Amino acid sequence: MTEPLDPAKLKSALPRKFYDRDPRRVSCDLLGKVLVRTQGKKITAAARIVEVEAYFGPHDAAAHSFIGRTARNAILFGPSGFAYVYFIYGNHYCLNVSCLPDGVPGGILFRAVEPLFGIEDMAQARGMPLNGNLRLLTSGPGRLAQAFGITRERDNGKDLTDARSDLFIADDGFHVPGVLKTPRIGITKSADLPWRFVIGGNPFVSGPRKFQVAVQSSRH
DNA sequence: GGAGCGATGTCCT
DNA sequence: GGACATCGCTCCG
């Protein structure tokens, strides 16, 4: 677990320049930041980012942008800081944020978050009892998307750098104690590249234990 | 706790 | 037609 939430610190979103860099650097710096869903001026859900994966373009065979620009992946080729939401395996949505300048593809997949606020709503969205295992609420890309009510229709193309969006990412000043770097999960191509980043020891990190072993750790 | 597997829609490799 | 950046359920140890 990380630390309690101070809603007063969630009023501003991370700026576009934050995302306008190498997705590996952005991934590392996104850990510990807060994903915020609002309705009107009210925060309805907030959760700390504890696991992400970096994806590139032409040189990353696992990336959706690897095949070149299509109607589906166009967001990844556009300016940074925008939500790329896709539907996978007939059941699940996955949330990404675009990185790198306009014209250069790249993005980051949100794989797990730690619920901080709005847990009742998340449980309802997941069809889970409130007294269930909290880890099952948001541990995994499909689960966190469902907990936040994220769909392609609703959120694809949304500007995550705008606190007036009903979905954005904020910095509440939390300091990440240790970042672990591991291979990415659930892919077959380029599966050896260590482009998955997690907050070491956080119980909301997804995946089997073997994927929680770091190939390299670093200070934030 | 871990391996195996089916369900399911969208987009092209 | 086949692949897919997943999940939840079995079955087995």
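Convention: sequence-line order gives letters A, B, ...; per-chain numbering from 1. This structure is a prediction, so every number in the text was calculated from the model and none was measured.
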Enquirer: Using a 3.5 Å distance criterion without hydrogens, assess whether the side chain of A/N73 forms a donor-acceptor pair with backbone atoms of A/G68.
Expert: yes
Enquirer: Quick one: salt bridge (charged side-chain N to carboxylate O under 4.0 Å, His left out) partners of A/D60, sequence neighbours excluded?
Expert: A/R184
Enquirer: Taking the nucleotide of DNA chain C with the closest heavy atom to each, which residue, A/R126 or A/Y84, is nearer the 5' end?
Expert: A/Y84
Enquirer: I'd like to check the salt bridge (charged side-chain N to carboxylate O under 4.0 Å, His left out) partners of A/R21; sequence neighbours left out, ordered by chain and number.
Expert: A/D29
Enquirer: How would DNA chain B look in dot-bracket form, 5' to 3', counting Watson-Crick and G-U wobble pairs with both distances under 3.5 Å and writing | for bases paired to another strand?
Expert: |||||||.||||.
Enquirer: Are A/R111 and A/S206 linked by a side-chain donor-acceptor pair shorter than 3.5 Å?
Expert: yes
Enquirer: Enter the distance from A/D172:CG to A/L116:CG here, rounded to the nearest 0.5 Å.
Expert: 7.5 Å
Enquirer: Would you be so kind as to tabulate the donor-acceptor pairs closer than 3.5 Å made by side chains of residues 79-86 of chain A, with sequence neighbours excluded?
Expert:
residue, atom, partner, partner atom, Å
A/S80, OG, A/R16, O, 3.4
A/S80, OG, A/D20, OD1, 3.4
A/Y84, OH, A/H64, ND1, 2.7

Enquirer: Atom CZ of A/F87 to atom P of B/dT10: distance rounded to whole Å?
Expert: 6 Å
Enquirer: Taking side chain to side chain donor-acceptor pair (under 3.5 Å) as the definition, give me every residue that meets it alongside A/Y19, ordered by chain and number, with sequence neighbours left out.
Expert: none
Enquirer: Treating A/D121 as the side-chain partner and A/G118 as the backbone partner, does any N or O pair qualify as donor plus acceptor under 3.5 Å?
Expert: no
Enquirer: Tell me which residues in residues 152-160 of chain A put a heavy atom below 4.0 Å from DNA chain B, sorted by number, or none.
Expert: A/R152
Enquirer: Sorted by first residue and then second, give each side-chain hydrogen bond (donor to acceptor under 3.5 Å, both in side chains) pair with at least one member in residues 91-110 of chain A; sequence neighbours left out.
Expert: A/Y93-A/E153
Enquirer: Identify, with sequence neighbours excluded, every residue that meets salt bridge (charged side-chain N to carboxylate O under 4.0 Å, His left out) alongside A/R154.
Expert: A/D166
Enquirer: In whole angstrom, give the distance that lies between atom CD1 of A/I88 and atom C1' of B/dT13.
Expert: 13 Å
Enquirer: With the threshold set at under 4.0 Å for non-hydrogen atoms, list the residues of residues 52-82 of chain A touching DNA chain B in residue-number order.
Expert: A/I67, A/T70, A/R72
Enquirer: If you assign each of A/K189 and A/R143 to its closest nucleotide in DNA chain C, which residue comes earlier from the 5' end?
Expert: A/K189
Enquirer: Which pairs, with at least one residue in residues 80-100 of chain A and sequence neighbours excluded, count as a salt bridge (charged side-chain N to carboxylate O under 4.0 Å, His left out)?
Expert: none
Enquirer: Nearest 0.5 angstrom please: A/I49 CD1 to A/F174 CZ, how far?
Expert: 12.0 Å
Enquirer: Can you name the salt bridge (charged side-chain N to carboxylate O under 4.0 Å, His left out) partners of A/R152, sequence neighbours left out?
Expert: none
Enquirer: Give me the first and last nucleotide of DNA chain C, going 5' to 3', that has any atom under 4.0 Å from a heavy atom of chain A.
Expert: C/dC4 to C/dG8
